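Here the structure comes first, spelled out in structure tokens, and everything after it is commentary.
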Amino acid sequence: MRTSNKNTNQHPLTLLKIFALFFCMFSSLYLIYNIYHIEKFHQKYITKIQAVYSYTRRFGSYYDNSPEEYKHKSIYTTGNVSLIVNTKSKVKILSDGISKLRSELNQLTNNNIWTIAVFENPADYAHFDPIRPEYLDQFDKYGENSVMHRIVEREGLTNTYQSFYGCNLKLTESYIEDGSQTRIRTLYYPIYNKMHLDALLAIDIKTKVFSEALKKYNKSYLTMINMNDNSNIYKIKGLLPCSQLNPISIGINILSVFKVVFFPALLLTILYSYFNIYLVKKRHNIQRDQMTNFYRRDYYEKKMVKTA
């Protein structure tokens, strides 16, 4: 007598319902997981930006306590730092401090510091790390002195020495640098002493630092956070500290969630189906004789004893 497979066959509609259940459950859990990490990444990134600001502010103390030397009009290079002297004068020796500042900031920004420059007031000399054609072309304008003051006024950094709290530096909007065509944001930090603007520290940061940080975070935590301002079911949008333009926006797209959970839900449905078939066959073999397909005596006698 042939054994019937009726009990081991599963209706496609039943499997579809099981798949839908797994799919909805996984989608909801993965969406919640990503929303949690959106908040976590945002806070982590803001903390990193604040650390960049903190190291930048420390340079003011280093600048004030740096020794001075007389230098003739020329270009002096120490490592990657170049000193351009326009007029014979006493100059601050800042090469070591600028190199250390770059090293610290590169660790925080994954090597996305483009240029560090220190412009003096009056503009008899300036430091550059590295010295690039784009800055060389513009340096004569800085020599007019008024340009540096216009930057300070434009960015709202006039008399920041009076600020006990708040931003005494400024992160600009993103822009494409002439010549190099690199998209950057510049961090300006004016250095005052006795109410006099002594120098302006300018740090160019590549804007891809944000996308790279997000890519690394997604890889580490298996998330699907994106920077697309549109089509996101959940998003966070806000300005970076000490910035007034170009807010960052991060969110999660529901289609991205569906793509990630589809195959795990399908795989689990298949595994569930095979496991269920296995259990049915196992129960069938325990309960019934394989030749006659009737209930085994040791099975139905136990049932009869219980009901007696």
Side-chain angles (χ1 to χ4, degrees), residues 52-106 109 112-161 168-172 175 177-180 182 184-206:
V52 170
Y53 293 173
S54 178
Y55 278 109
T56 300
R57 291 185 178 102
R58 292 181 193 178
F59 187 82
S61 177
Y62 178 86
Y63 177 92
D64 293 338
N65 293 282
S66 294
E68 294 181 327
E69 291 182 4
Y70 272 104
K71 295 287 186 181
H72 292 278
K73 181 178 179 180
S74 184
I75 298 178
Y76 303 86
T77 302
T78 304
N80 292 323
V81 181
S82 295
L83 167 64
I84 301 179
V85 181
N86 283 339
T87 304
K88 179 183 177 181
S89 59
K90 271 188 173 183
V91 303
K92 290 275 189 179
I93 307 301
L94 303 174
S95 301
D96 288 345
I98 293 174
S99 296
K100 290 177 181 178
L101 178 62
R102 171 179 281 278
S103 176
E104 295 292 344
L105 296 185
N106 270 334
T109 63
N112 276 299
I113 299 300
W114 187 233
T115 306
I116 297 177
V118 181
F119 302 104
E120 295 293 325
N121 181 36
D124 295 330
Y125 63 95
H127 293 81
F128 298 94
D129 176 19
I131 188 168
R132 296 187 293 104
E134 291 74 26
Y135 266 115
L136 286 176
D137 292 341
Q138 295 294 322
F139 184 57
D140 288 341
K141 296 180 181 179
Y142 283 98
E144 298 171 4
N145 292 326
S146 60
V147 173
M148 187 168 68
H149 285 279
R150 286 203 301 272
I151 292 174
V152 171
E153 291 180 5
R154 181 189 68 202
E155 303 300 336
L157 295 169
T158 305
N159 302 333
T160 54
Y161 55 85
N168 58 347
L169 43 68
K170 180 70 175 292
L171 183 66
T172 70
Y175 62 94
E177 185 186 53
D178 294 336
S180 69
T182 301
I184 58 178
R185 296 180 81 156
T186 301
L187 179 62
Y188 288 118
Y189 176 55
I191 300 173
Y192 287 95
N193 278 296
K194 297 180 180 180
M195 297 182 292
H196 177 265
L197 178 62
D198 283 352
L200 178 66
L201 173 62
I203 303 172
D204 294 333
I205 306 172
K206 298 176 186 177

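Because the structure is predicted, anything quoted here is derived from the model rather than measured.
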Pair Val91-His127, side chain to side chain contact (heavy atoms under 4.5 Å, CB included): steps then yes or no: CA-CA 10 Å; Val91 303; His127 293 81; 5.5 Å; no

Side-chain donor/acceptor of Ser103 to backbone N/O of Leu101, under 3.5 Å: no

Candidate list Ile203, Leu171, Leu187, test side chain to side chain contact (heavy atoms under 4.5 Å, CB included), partner Val52, passing option: Leu187

Spatial distance of atom OG1 (Thr109) from atom CD1 (Ile205) [nearest 0.5 Å]: 6.5 Å

Closest non-hydrogen atom pair between Ala117 and Phe128, with its separation: CB-CD2, 3.8 Å

Nearest-0.5 Å distance, CZ of residue Arg102 to CD1 of residue Ile116: 5.0 Å

Distance (rounded to the nearest 0.5 Å) between Asn112 CG and Trp114 CH2: 10.5 Å

Show every donor-acceptor pair shorter than 3.5 Å between a side-chain atom in residues 75-85 and any protein atom, with sequence neighbours excluded, or say none if there are none.
from: Tyr76; atom 1: OH; to: His72; atom 2: N; distance (Å): 3.2
from: Tyr76; atom 1: OH; to: His72; atom 2: O; distance (Å): 3.0

From OH (Tyr188) to NZ (Lys170), nearest 0.5 Å: 10.5 Å

For Asn193, side chain to side chain donor-acceptor pair (under 3.5 Å) partners two or more places apart: Asp64, Asp198

Interatomic distance, Glu120 atom CD to Ser89 atom OG [nearest 0.5 angstrom]: 8.5 Å

Partner set under salt bridge (charged side-chain N to carboxylate O under 4.0 Å, His left out) for Lys206, not counting sequence neighbours: none

Contacts of type side chain to side chain donor-acceptor pair (under 3.5 Å), residue Arg58, not counting sequence neighbours: none

Counterpart residues, ring-ring contact (aromatic ring centres under 6.0 Å, His included), relative to Tyr63 (two or more places apart): none

Under 3.5 Å: donor-acceptor pair, side chain of Asn65, backbone of Ser61: yes

Partners meeting ring-ring contact (aromatic ring centres under 6.0 Å, His included) with Tyr175 (sequence neighbours left out): none

Approximate separation, where rounding is to 0.5 Å, of Ser99 OG and Glu104 CD: 12.0 Å

Side chain to side chain donor-acceptor pair (under 3.5 Å) partners of Thr115, counting only residues at least two apart: Arg132

Considering all heavy atoms, the nearest Tyr189-Asn168 contact: CD1-O, 3.6 Å

Counterpart residues, salt bridge (charged side-chain N to carboxylate O under 4.0 Å, His left out), relative to Arg185 (two or more places apart): none

Counterpart residues, side chain to side chain contact (heavy atoms under 4.5 Å, CB included), relative to Ser66 (two or more places apart): Tyr62, Lys92, Leu94

Test item: Leu197 and Ile191 side chains (from C-beta on) under 4.5 Å apart, heavy atoms: no

Pairs touching residues 66-76 that satisfy salt bridge (Lys or Arg N to Asp or Glu O under 4.0 Å), sequence neighbours left out: Glu69-Lys71

All salt bridge (charged side-chain N to carboxylate O under 4.0 Å, His left out) counterparts of Asp204, not counting sequence neighbours: none

Test side chain to side chain contact (heavy atoms under 4.5 Å, CB included) applied to Thr56 and Leu169, step by step: CA-CA 9 Å; Thr56 300; Leu169 43 68; 4.2 Å; yes

